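One structure is given here, and the rest of the page talks about it.
This one's a predicted model, so the numbers in the text were calculated from it and none came from an experiment.
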Amino acid sequence: MSRYNPQQLISNATIGDTVDLKQICRSLNLTLKITPELSDLCRIAVDKEQKVVIQLNASIDKRTKFTFVAIAAAEYLINSARINDTGVTYDIFFLRDIHANRATNLIMLATRLAIPEHIIEKIVDASEVQFVKQPENEKFDIDDYIRQSDYLPDFIRSVIKQSSSSFLVNTVNAR
């Protein structure tokens with residue numbers, strides 16, 4: 001059960017077209033640590049000092065690291081008891097299935113911790129079939145957004161519209 005309000009965390013960390021994930025981690029008291037000896041790609045657990053630590057494998061690239069931080073922070077908001085108990089580990093197989101799991105609570109919340117809602121709406125609209133031709137100046141260039149992003153392309157393309165994710169955020173708030 002989370003004692004944090006995800007909507008407030010996201011709102012406080014959103015500046016224009018970005019969400020400051022580092023600010024969210026600070027608000028949640030999550031420590032980030034590059035761990036060369038970590039055999040998996042990422043692990044979130046409580047350390048000996050009782051701090052919640054997101055450990056990242058030193059060999060993964062920046063986009064993968066940012067993606068895992070968003071996922072681990074979402075995991076903490078949804079399953080803090082599990083993190084306090086056994087911790088959660090992510091491997092390459094988890095990444096391969098990220099798009100297939102886009103409708104899970106974890107990925108829906110993680111994408112919102114990384115991407116502002118108004119950008120998510122544009123991404124979803126740009127990826128849907130348009131029956132009405134949009135003026136050229138109103139089209140959202142998803143490929144350009146992905147090129148400039150700190151997150152993996154499959155993670156960004158896994159976003160789901162607000163109406164589908166509102167239930168999740170409200171559920172996490174009610175805990």
Identify the heavy atoms of [X] and [Y] that sit nearest to each other, and give their distance.
X      : Y      : value
Asn84  : Val46  : OD1-CG2, 3.1 Å
Ile160 : Val124 : C-CG2, 4.2 Å
Ala72  : Cys42  : CB-SG, 4.4 Å
Pro36  : Ala58  : CA-CB, 3.9 Å
Ile54  : Ala73  : CD1-N, 4.3 Å
Ala70  : Tyr151 : CB-CE2, 4.3 Å

Student check: side-chain heavy atoms of Val52 and Ile83 closer than 4.5 Å: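 In contact.
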Output, in order, the C-alpha distance, side-chain angles, deciding distance and verdict of side-chain contact (heavy atoms from CB on, under 4.5 Å) for Asn105 and Met108. CA-CA 5 Å; Asn105 292 350; Met108 284 193 294; 3.9 Å; yes
Intermediate values then yes/no, side-chain contact (heavy atoms from CB on, under 4.5 Å), Asp125 and Lys161: CA-CA 9 Å; Asp125 288 345; Lys161 276 196 178 191; 3.0 Å; yes
Would you compute the distance between atom [atom1] of [X] and atom [atom2] of [Y] and round it to the nearest 0.5 angstrom?
X      : Y      : atom1 : atom2 : value
Leu109 : Glu75  : CG    : CD    : 10.0 Å
Asn79  : Leu106 : CG    : CG    : 8.0 Å
Asp91  : Arg43  : CG    : CZ    : 12.5 Å
Lys33  : Ile44  : NZ    : CD1   : 14.0 Å
Ile60  : Phe66  : CD1   : CZ    : 11.5 Å
Asp17  : Ile119 : CG    : CD1   : 4.0 Å

Would you sort out whether Leu95 and Leu41 count as a side-chain contact (heavy atoms from CB on, under 4.5 Å), showing the intermediate values? CA-CA 10 Å; Leu95 272 186; Leu41 300 180; 4.0 Å; yes
So, [X] side chain and [Y] main chain: donor-acceptor pair closer than 3.5 Å or not?
X      : Y      : answer
Arg112 : Ala74  : no
Gln23  : Asn12  : yes
Ser11  : Gln7   : no
Asp97  : Ala100 : no
Thr35  : Gln55  : no
Asp154 : His99  : no

same_hphob_cluster([X], [Y]) at 4.5 Å side-chain heavy-atom cutoff:
X      : Y      : answer
Ile142 : Leu152 : yes
Ile34  : Leu38  : no
Leu28  : Ile15  : no

Taking it one step at a time, do Ile10 and Leu113 satisfy side-chain contact (heavy atoms from CB on, under 4.5 Å)? CA-CA 6 Å; Ile10 294 165; Leu113 294 175; 3.7 Å; yes
With a 4.0 Å cut-off on N to O distance, would you call [X] and [Y] a salt bridge?
X      : Y      : value
Arg147 : Asp144 : yes
Arg157 : Asp143 : yes
Lys65  : Asp150 : no

Those residues that, when tested against Phe94, pass ring pair (Phe, Tyr, Trp, His ring centres under 6.0 Å) (two or more places apart): Tyr90
According to the interplanar angle, ranging from 0 to 90°, do the rings of Phe140 and Tyr145 count as parallel (below 30°), tilted (30 to 60°) or perpendicular (above 60°)? tilted
Verdict with reasoning, Thr104 to Asn101, per side chain to side chain donor-acceptor pair (under 3.5 Å): CA-CA 6 Å; Thr104 64; Asn101 292 317; 5.7 Å; no
